[in-house]
Trainee: 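Below is one structure. I have some questions about it.
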Amino acid sequence: CSESDLGPISLNWFEELSAEAPP
Amino acid sequence: AEQLSLAPLDGPAQESLQLVSELKDLSSSCAVDVSTVWWEAAGSRELCVVTACESSVTLWKPLVPDRWEKVQIWQLGEIPVIQIVPLPDACNVVCIALGDLEIAEIRLLLYSSEHDSFKQSLLKTGTIKAVLGLKERRLVSSCRTVQEQQVEITSLSETGGSKDRQTLLPPEETVLAFAEVEGMGEALVGTTAANSVVVWNLKTGQLLRKMPVGYSYPASICHRAYADSGLLFVVLSHPHAKESEARGNPAFCVIAFNPRTARSRGVMFSSLPHGHAGRQVPGASGCVPLYLEGDVRDTLATAVLTSGAIAVWDLLLGHCTALLPPGSPGTWALARWATAGAWLLAGRRDGTVCLYQY
């Protein structure tokens, strides 16, 4: 799997989405 | 121990399944589920087997060599048992789901040291669409009413009640299955009736992402998920998938999701072994079930096929590594992994449960 298939990958996706999602 | 000769399989690896022992409950001929549970008594903690039929649940303790003793039988009420819900690291408690077509009750079966007796307690009632046992004596369930859906984590007390309840933000669609995420203890995934994968933060209850699985993988059920290198790898099965010439007969697949972009790509497809595809139903143009039900532990998957055989797949290799033919005295009805150790629990229609070492 590569970024060309799946878009930009972030190792900290869980923390980032938790900060962005409604509480 | 008897060494089974396995049918020839496609692919290079052929692991073996070795019959370790057989449990036969002469008073029962209607096994609906089988599982394992840690049970501690007199200072000794052992991995015990639990078998369920519609009206009772039996706890079996290992004896040496390869023999099993019934420790306890819990008699249930009028609502039939339909599922044992394994609690991965719990001890001295068995969780069961009861209902007809859908789960109507969740009960705990346990030993009370205070009263020196076995007992049962009612944990939850409702129209329960999905339930999963989590680590640290917790349970997650999705419960549907006409107006709304409730997704809830229940922490179990030592005495068989609920110690704490936490609500997770529900998606609009009904959640049909849950899976814990290995490598990311605070994450939980689910699959929905609209064929999406949803991700929650277990600590905060936030719904972080809803990601479409895609039309290529209809009616997906999640079994396991692994977080690695910024991606979420989800093991899905398709119990009612149609045969596809392009993909063969997929029973399980691993889909890589990028939670940041919600984009996904299939990375591994575990096909049914040659000659064990769905039954040919005259006049049916599709939607022939390829297998009845399955189970995934770590990177191993197993399922009962419509041919009556049990297949085992290594999800990393992407192919079938062992096969138990239907044989006599009856075809297989259940296939489960033990919650610890490399045991396959295989249930026959006549109620016999066989333990195989993989």
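Please read these numbers as outputs of a predicted model, since none were measured by experiment. Each chain gets a letter, A, B and so on, in the order the sequences are listed, and its residues count up from 1.
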Trainee: Check each atom of B:Leu207 against the heavy atoms of chain A and say whether the ones under 4.5 Å are side chain, backbone, both or neither.
Mentor: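 B:Leu207 touches chain A through backbone heavy atoms alone.
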Trainee: Below 4.5 Å, heavy-atom pairs only: which of B:Met184, B:Glu186, B:Lys203, B:Gln206 has the largest tally toward chain A?
Mentor: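 Winner by heavy-atom pair count: B:Gln206.
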Trainee: Tell me whether B:Glu152 is salt-bridged to B:Lys124, with the criterion being a basic N under 4.0 Å from an acidic carboxylate O.
Mentor: yes
Trainee: A side-chain contact here means heavy atoms from C-beta on lying under 4.5 Å apart; do B:Thr191 and B:Val234 qualify?
Mentor: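 Answer no - side chains too far apart.
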Trainee: Would you check, one step at a time, whether the test side chain to side chain donor-acceptor pair (under 3.5 Å) holds for B:Thr302 with B:Asp295?
Mentor: CA-CA 5 Å; B:Thr302 183; B:Asp295 190 22; over 6 Å; no
Trainee: Considering only heavy atoms and a distance below 4.5 Å, find which of B:Asn201, B:Leu232, B:Val199 pairs most often with chain A.
Mentor: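 Top count of heavy-atom pairs under 4.5 Å with chain A: B:Asn201.
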Trainee: Does atom CD of A:Glu20 have more than 12 heavy-atom neighbours from other groups under 6.0 Å away?
Mentor: yes
Trainee: Between A:Ser10, A:Ser18, A:Pro23, who has the most heavy-atom pairs with chain B when the cutoff is under 4.5 Å?
Mentor: A:Ser18
